[in-house]
2 protein chains.
Amino acid sequence: MSNNEKKFKRYAAIFKALSNPNRLKIFFSLATCCKPGTIGIFEPDNTACVGDIGKDLDIVPSTVSHHIKELRLAGLIKTQRKGQNIECWVDPEILEELKYFFSF
Amino acid sequence: MSNNEKKFKRYAAIFKALSNPNRLKIFFSLATCCKPGTIGIFEPDNTACVGDIGKDLDIVPSTVSHHIKELRLAGLIKTQRKGQNIECWVDPEILEELKYFFSF
DNA sequence: TTTATAATTCGAAATATGTCGAATAATGAA
DNA sequence: TTCATTATTCGACATATTTCGAATTATAAA
């Protein structure tokens, strides 16, 4: 598979991760958390745990977990265990990359 | 449905349209066509027809047509009949909007 | 008018996705 | 150690998606 082919598959996977409304909300919450004007369900260090994220969305924890995994596999977010919780945050690099993608 | 809910559904639909590798290639070709360094299968006015688009992709015309429709319904591209052909081009406004979306 | 070309619509089949609930694993607290 | 909390994995099911080929529509050319 050519480099070009790989590039399209990678970006298609990124957009697929953002193509579900609930997953997009999760991504958006993580990206904007703790900035001025946002709700305070998240940690002050721009991370959030799976349980907090699910509260707003009316979906069960196993589904939240699944969505988090999809976002992580697509490279959109990073995760790290902290005690009983899993902290999640958006990778700042991917935001730059995506902005660049739409700069033709 | 709240305005916020609508917003997420709309953007999720946009990303869904870009979540298929072939559709993403079509979008990319249209967005970059006729700019320096691109191949010259397209019209000089930044438009392309369905037949041209399908040549590179190894998919039959009916599938190309389907993908074009998805991109159009998502608001990513515009189309217009010109004789036997349907001209397609990327909506410049949506590119700005998407760049802005990733500017947190 | 008849024929050719371009694109769309439709129906079908294989595959993928979203969601849930139950069971399991990981960690912290009593 | 035992119990409680948080998150993940698994299996299942309903729904959606991708793609094709055949039939149809729209336009141009002979």
Does D/dA7 have its OP1 or OP2 closer than 4.0 Å to a side-chain nitrogen or oxygen of A/Asn85?
yes

Check the distance between C/dT27's P and A/Glu87's CD and give it to me in whole angstrom.
14 Å

Judged by nearest nucleotide, the residue sitting upstream toward the 5' end of DNA chain D, A/Gln84 or A/Val64, is A/Gln84

Let me know the distance between CG of A/Leu71 and P of D/dT8, rounded to the nearest Å.
12 Å

Quick check: on DNA chain C, is the nucleotide nearest A/His66 upstream (toward 5') of the one nearest A/Gly83, or the reverse? Name the residue that is more 5'.
A/His66

Can you tell me which nucleotide in C/dT19, C/dT8, C/dA6 comes closest to the side chain of B/Pro61?
C/dT8

The nucleotide from C/dG21, D/dT19, C/dT27 with an atom nearest the side chain of A/Arg81 is C/dT27

Any non-hydrogen side-chain atom of B/Cys88 less than 4.5 Å from a side-chain atom of B/Ile53?
yes

From CD of A/Glu70 over to C1' of C/dT19, roughly how many Å is that when rounded to an integer?
12 Å

N-O pairing of A/Lys25 and B/Glu5 below 4.0 Å:
yes

Any B/Arg23 side-chain nitrogen or oxygen under 4.0 Å from OP1 or OP2 of D/dT17:
no

With respect to the phosphate group of C/dG18, does any side-chain polar atom (N or O) of A/Thr63 fall under 4.0 Å of OP1 or OP2?
no

Measure the distance from CG on A/Leu18 to C1' on C/dT17 and round it to the nearest whole Å.
15 Å

Can you tell which of D/dT18, C/dC20, D/dC20 lies closest to the side chain of B/Asn20?
D/dT18

Rounding to a whole Å, what distance do you find between B/Leu73:CG and C/dT8:P?
12 Å

Verify the contact: side-chain N or O of A/Ser65 to OP1 or OP2 of D/dA7, cut-off strictly under 4.0 Å; return yes or no.
no

Nearest of D/dT9, D/dT18, C/dT19 to any side-chain atom of A/Lys69?
D/dT9

Please work out which of the three classes, parallel, tilted or perpendicular, describes the rings of B/Phe102 and A/Phe27, given edges at 30° and 60°.
perpendicular

I'd like to know if B/Ser62 reaches the base of D/dG21 with its side chain such that a donor and an acceptor end up less than 3.5 angstrom apart.
yes

Specify the separation, in whole Å, of atom CD1 of A/Ile86 and atom C1' of D/dT5.
13 Å

Tell me the interatomic distance from B/His67, atom NE2, to D/dT17, atom C1', rounded to whole angstroms.
10 Å

Look at the rings of A/Phe101 and B/Phe28 and say which category their plane angle falls in: under 30° parallel, 30 to 60° tilted, over 60° perpendicular.
tilted

For B/Ile59, which contact category applies under a 4.0 Å heavy-atom criterion: base, sugar-phosphate, or nothing?
sugar-phosphate

Send over the distance from A/Ile53 CD1 to D/dT8 C1', rounded to a whole Å.
14 Å

If you count every heavy atom of other residues, nucleotides or ligands that lies below 6.0 Å from A/Lys78 atom NZ, does the total exceed 12?
no

